[in-house]
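We count ligands from 1, going down the list as the structure has it; atoms in each ligand are counted the same way.
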Amino acid sequence: MTTRRRFTLTQYLIEQRRRFPSASGDFNALLLDVALACKAIARTVAFGDLGSMLGQPAPEVTTSVNVQGEEQKKLDVISNEYFTQMTEWGGHLAGMASEEMDHPYQIPATMQRGKYMLVFDPLDGSSNIDVNVTVGSIFSVLRAPQDVIDSGRDVVEADFLQPGTQQLAAGYALYGPTTMLVLTVGNGVAGFTLDPNLGQFMLTHPNLQIPEDTHEFAINASNSRFWEAPVKRYVDECLAGKTGARGKDFNMRWIASMVAEAHRILMRGGIFMYPRDTKDAAKHGRLRLLYEANPVGMIIEQAGGRASTGREPVLTVKPTALHQRIGFVFGSKNEVERIERYHSEPGAYKDDSNPLFAERSLFRA
Ligand code: F6P
């Protein structure tokens, strides 16, 4: 019997580094530290309610003090700690930022500082933990501003406010039926599956490409009354299927775990929408720009898809705050471009009643 030769994540990264003969190896070492954090989170997630076997609380337990007087932590807090603890020591990072931390995280003074910054959502879709549905981690690697590298000073919020086009790498880990790591270092997108026996991410999906067209869309339809007219128009046309303007039937999906939706779209195409809406005037969308939309956006674009605010490419948006929210639409290129087109011609659609199920003026004779 011949065994199939598979590359490990480490081998893939070495291969990628050969494009840059002067590279020091710091970048690869950082990504391997991130992968280690993801493996630790995968293991914790996989133990579920048996988490105490690892000396950790069951995932659904919120931060509190148990009967023994010990502190119990939520899984997203534990995941955040895996990220910080497994990446701070290597000397590659100038600082970090995370969904779980209000302010930037400083590399402790006892440790060496480096030239990269790591931004992450340690456990995306964590409301799905209690129901044993796929969750994931999302991360983005940025270069620290030169004065941070030169001086080794503490990082501040402004250092992280770089548009997504500046990302050096982006990825996500998926804790589903199998654990996967999907990564871009700016040269296409590769997917790795965790071999639980070897404890290694193996290259299983070398060059992921998103089909340009699709008949599958994902949106939280309970927000439909808050949508803007171009989004209502798009969804109504999908729902009208063969009988409407699109002339074909669509299927709808909603996992409420963006990282899982992104993965489905990478595997077989589709479009995901969490658009800007009028639900809360103080928020310009639901998803976070720096550690959700930008990294997923880079992956999607590197795989030939499109990532947008609905109006413009999301990667070109200049961030204004660490935890900024944004409307986010991504997936099969032709569908995302269609939504952008609908936003540029909003007057073309007259919305006059229940946005989802009523007859549209657009379709009336
Ligand atoms: O972090 C945001 C997130 O959990 C995404 O993973 C997911 O797409 C979204 O929120 C779900 O939102 P809602 O609860 O409105 O469906």
Side-chain angles (χ1 to χ4, degrees), residues 38 41-42 45 59-60 62 74-80 83 97-102 119-140 164 170-176 179-182 216-228 231-232 235 252-267 270-300 305 307-310 314 319 321-331 336 339 355-356:
C38 294
I41 298 168
V45 169
E60 76 281 15
T62 49
K74 267 173 117 173
L75 193 59
D76 37 21
V77 177
I78 293 170
S79 303
N80 193 67
F83 260 86
S98 154
E99 177 171 21
E100 296 300 324
M101 301 184 285
D102 289 345
V119 190
F120 54 94
D121 176 356
L123 204 63
D124 178 58
S126 54
S127 66
N128 278 321
I129 278 286
D130 296 347
V131 290
N132 201 7
V133 168
T134 297
V135 289
S137 303
I138 311 174
F139 60 90
S140 159
Y172 62 78
L174 202 67
Y175 314 120
T179 293
M180 287 194 70
L181 185 81
V182 172
E216 204 161 62
F217 70 102
I219 192 162
N220 181 347
S222 70
N223 291 325
S224 60
R225 70 186 183 283
F226 305 112
W227 293 340
E228 295 176 332
V231 174
K232 289 179 183 171
V235 173
M252 193 172 92
R253 292 282 179 269
W254 189 248
I255 309 174
S257 185
M258 201 239 320
V259 74
E261 320 255 17
H263 194 67
R264 185 189 61 247
I265 288 170
L266 268 175
M267 292 295 132
I271 181 165
F272 171 97
M273 293 164 278
Y274 217 122
R276 191 175 92 178
D277 61 31
T278 58
K279 193 171 182 178
D280 180 346
K283 293 180 189 156
H284 300 291
R286 164 91 159 88
L287 299 172
R288 314 290 184 133
L289 176 58
L290 283 175
Y291 40 80
E292 292 183 318
N294 274 345
V296 168
M298 181 178 182
I299 292 166
I300 295 294
S308 174
T309 63
V314 77
L322 201 53
H323 299 288
Q324 177 180 352
R325 293 175 194 265
I326 195 141
F328 192 28
V329 175
F330 66 84
V336 178
I339 292 190
L356 269 179

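Residues of the protein with a heavy atom under 4.0 Å from ligand 1 are D124, G125, N220, W254, A256, S257, M258, F272, Y274, R286, L287, E292, listed by chain and number.
Y274 has its ring centre no less than 6.0 Å from the ring centre of F328.
Judged by distance alone, with hydrogens and angles left aside, the side-chain atoms of S257 form a donor-acceptor pair with the main-chain N or O of T134 at under 3.5 Å. For the pair H323 (side chain) and R288 (backbone), a donor-acceptor distance under 3.5 Å is absent.
E292 pairs by the salt bridge (Lys or Arg N to Asp or Glu O under 4.0 Å) definition with nothing, not counting sequence neighbours.
Ionic pairing of R253 and E261 is not present here: no N-O contact between side-chain nitrogen and carboxylate oxygen is shorter than 4.0 angstrom.
Residues N294 and S140 have side chains that never bring a donor and an acceptor to within less than 3.5 angstrom of each other.
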